[in-house]
Amino acid sequence: MTFVSVASVHNVPAGSAVQVVVNGQQIGLFNCAGTIYATDNICTHAYAELHEGTIDADDCSIECPLHGARFDLATGRALSLPAIMPVQIYAVRIEGDDIQVAL
Ligand code: FES
């Protein structure tokens, strides 16, 4: 497992999300209450970019902007329909100001 620097911490303030593209792969970075999570950024239901959805800080989930499926940011599990399949998650570590993702 190789950790790759993908963004700076200050680019993803609490409650926000961004997309980064690493080796052609779209990764979503989500800051839920100060913790950064990384997942595949494409919803498993249809084509939507999850970073454009809404983070729920109560359970650290992301709601898809297209049809409203919710995913647990820590596990990737689909929490509500219409998504059934989980999103891939990636380990995250912070090194200084760098957000690093294990790819
Ligand atoms: S594309 Fe995400 S719920 Fe349909």
Side-chain angles (χ1 to χ4, degrees):
M1 184 183 326
T2 303
F3 279 89
V4 178
S5 293
V6 296
S8 295
V9 171
H10 69 266
N11 291 137
V12 194
S16 73
V18 300
Q19 173 177 262
V20 295
V21 179
V22 183
N23 299 329
Q25 190 173 354
Q26 293 167 271
I27 307 285
L29 301 176
F30 306 87
N31 185 330
C32 181
T35 299
I36 305 284
Y37 298 92
T39 75
D40 276 341
N41 200 36
I42 305 305
C43 185
T44 59
H45 174 241
Y47 189 90
E49 296 179 345
L50 293 176
H51 78 289
E52 295 183 340
T54 303
I55 295 172
D56 185 337
D58 289 339
D59 62 358
C60 284
S61 63
I62 181 71
E63 181 179 300
C64 177
L66 192 52
H67 305 117
R70 293 172 51 249
F71 296 92
D72 185 314
L73 289 169
T75 67
R77 190 165 65 96
L79 300 175
S80 66
L81 296 172
I84 298 170
M85 299 293 292
V87 287
Q88 175 71 47
I89 58 169
Y90 301 95
V92 174
R93 73 181 184 191
I94 307 299
E95 286 289 324
D97 190 45
D98 284 356
I99 299 169
Q100 298 185 334
V101 174
L103 297 174

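Remark: S5 engages D98, Q100 in a side chain to side chain contact (heavy atoms under 4.5 Å, CB included) (not counting sequence neighbours). Partners of D97 according to the salt bridge (Lys or Arg N to Asp or Glu O under 4.0 Å) rule, which considers only residues two or more places apart in sequence or in another chain, do not exist here.
Within the 3.5 Å criterion, the main-chain N or O of V87 finds no donor-acceptor partner in the side chain of T44.
Heavy-atom minimum distance, G76 versus F71: O-CD2, 3.7 Å. Heavy-atom minimum distance, A74 versus I89: O-CD1, 3.1 Å. Here the shortest heavy-atom pairing between A38 and V101 reads CB-CG2, 3.9 Å.
Legend: ring pair (Phe, Tyr, Trp, His ring centres under 6.0 Å) pairs involving residues 80-103, not counting sequence neighbours: none detected. Counting only residues at least two apart or on different chains, no side chain to side chain donor-acceptor pair (under 3.5 Å) pair has a member in residues 72-83.
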Could you pull out every donor-acceptor pair under 3.5 Å between side chains of residues 11-18 and any protein atom, sequence neighbours left out?
from, atom 1, to, atom 2, distance (Å)
S16, OG, P13, O, 2.6

Can you give me every donor-acceptor pair (side chain of residues 45-53, partner residue at least two apart or in another chain, under 3.5 Å) with its distance?
from, atom 1, to, atom 2, distance (Å)
H45, ND1, H67, ND1, 3.1
Y47, OH, Q26, NE2, 3.4
Y47, OH, E49, OE2, 3.4
E49, OE2, Q26, NE2, 3.2
H51, ND1, N41, ND2, 2.8

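Cysteines C64 and C43: SG-SG separation is not under 2.5 Å.
Contact annotation: the side chain of L103 approaches that of V22 to within less than 4.5 Å [non-hydrogen atoms, C-beta and beyond]. Residues I27 and D40 have side chains in contact (heavy-atom distance under 4.5 Å, counting atoms from C-beta outward).
The side-chain contact (heavy atoms from CB on, under 4.5 Å) test with V6 is passed by exactly one of V92, L29, V21: L29.
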- Query: Under the side chain to side chain contact (heavy atoms under 4.5 Å, CB included) criterion, do Y37 and C32 qualify, and how do the steps go?
  - Reply: CA-CA 8 Å; Y37 298 92; C32 181; 3.8 Å; yes
